[in-house]
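Taking it in order: structure first as structure tokens, then the write-up.
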Amino acid sequence: MVHNNPKCSALLSNAASKEQLRKVFFDCDIDDNTILTKEEIKNAFDRFGSAFPSFRASRALKRVDKNKDGRVSLEELDDLIDYAYKRGYINIS
């Protein structure tokens, strides 16, 4: 049975959009080490259609890089995804 609950649909859409963001970030991880550099993050924001991907990458790092190593680790990735999602980077194709 399918329920047409708007709250449920919004949660599913939110989760799907965040999963799309996660996929793009991983696709931009050029060396496949699951650690994102500023350049890799910039490439992701470029794919998201950001007008200023370098600026957006710098701001994202400033917000989510908890250990201040200049990169985003797996432990920090969810914060990066939330950062991108809250700024309207959703439904990426």
Side-chain angles (χ1 to χ4, degrees):
M1 178 184 291
V2 175
H3 297 283
N4 290 328
N5 181 334
K7 280 188 175 181
C8 185
S9 295
L11 288 174
L12 289 174
S13 176
N14 179 348
S17 295
K18 286 187 176 185
E19 195 54 41
Q20 290 172 327
L21 293 171
R22 179 181 301 279
K23 181 180 179 335
V24 172
F25 281 120
F26 277 132
D27 286 349
C28 289
D29 181 16
I30 297 167
D31 51 8
D32 290 323
N33 64 352
T34 67
I35 296 173
L36 297 170
T37 64
K38 182 179 177 183
E39 187 66 22
E40 291 168 334
I41 296 167
K42 182 185 90 130
N43 291 340
F45 278 108
D46 188 47
R47 285 184 56 186
F48 297 153
S50 174
F52 304 101
S54 186
F55 169 79
R56 190 53 60 203
S58 294
R59 297 294 292 181
L61 269 173
K62 189 173 186 172
R63 297 262 176 136
V64 306
D65 183 18
K66 303 297 184 213
N67 63 4
K68 305 298 182 206
D69 66 352
R71 303 177 302 172
V72 173
S73 64
L74 277 177
E75 294 79 23
E76 300 161 326
L77 184 61
D78 285 339
D79 290 336
L80 178 61
I81 292 166
D82 286 342
Y83 174 86
Y85 183 82
K86 288 176 182 175
R87 276 143 192 88
Y89 297 104
I90 55 175
N91 298 322
I92 307 304
S93 56

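Computed over heavy atoms, backbone and side chain alike; hydrogens, waters and symmetry mates excluded.
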Looking at [atom1] of [X] and [atom2] of [Y], how far apart are the two atoms once the value is rounded to the nearest 0.5 Å?
{"X": "Asp82", "Y": "Leu77", "atom1": "CG", "atom2": "CG", "result": "9.5 Å"}
{"X": "Lys68", "Y": "Lys62", "atom1": "NZ", "atom2": "NZ", "result": "8.5 Å"}
{"X": "Leu80", "Y": "Arg63", "atom1": "CG", "atom2": "CZ", "result": "12.5 Å"}
{"X": "Asp79", "Y": "Lys86", "atom1": "CG", "atom2": "NZ", "result": "8.5 Å"}

task = Could you list who else is in Ile35's hydrophobic cluster, with ILVMFWY side chains joined at under 4.5 Å, directly or through other members?
result = none
Should [X] and [Y] count as side-chain neighbours, where that means a heavy-atom distance under 4.5 Å?
{"X": "Tyr89", "Y": "Arg56", "value": "yes"}
{"X": "Glu40", "Y": "Val72", "value": "no"}
{"X": "Asp78", "Y": "Arg22", "value": "yes"}

Taking every non-hydrogen atom, the tightest pair across [X] and [Y]:
{"X": "Ala60", "Y": "Phe45", "value": "CB-CE1, 4.1 Å"}
{"X": "Ser54", "Y": "Lys38", "value": "O-CE, 4.2 Å"}
{"X": "Glu76", "Y": "Arg71", "value": "OE1-O, 3.1 Å"}

Would you tabulate the side-chain donor-acceptor contacts of residues 23-30 under 3.5 Å, counting partners in other chains and residues two or more places apart, or write 'none'?
residue	atom	partner	partner atom	Å
Lys23	NZ	Asp27	OD2	2.9
Asp29	OD2	Asn33	N	3.2
Asp29	OD2	Thr34	N	2.7

ask   = Within the distance-only criterion (no hydrogens, no angle test), does the side chain of Asp65 pair as donor or acceptor with the backbone N or O of Asp69 below 3.5 angstrom?
value = yes
inquiry  = Is it the case that the side chain of Arg87 and the backbone of Tyr83 share a donor-acceptor pair, with hydrogens and angles ignored and the cut-off at 3.5 Å?
reply    = yes
task = Ignoring hydrogens and angles, state whether a donor on the side chain of Glu75 or Ser73 is under 3.5 Å from an acceptor on the partner side chain.
result = yes
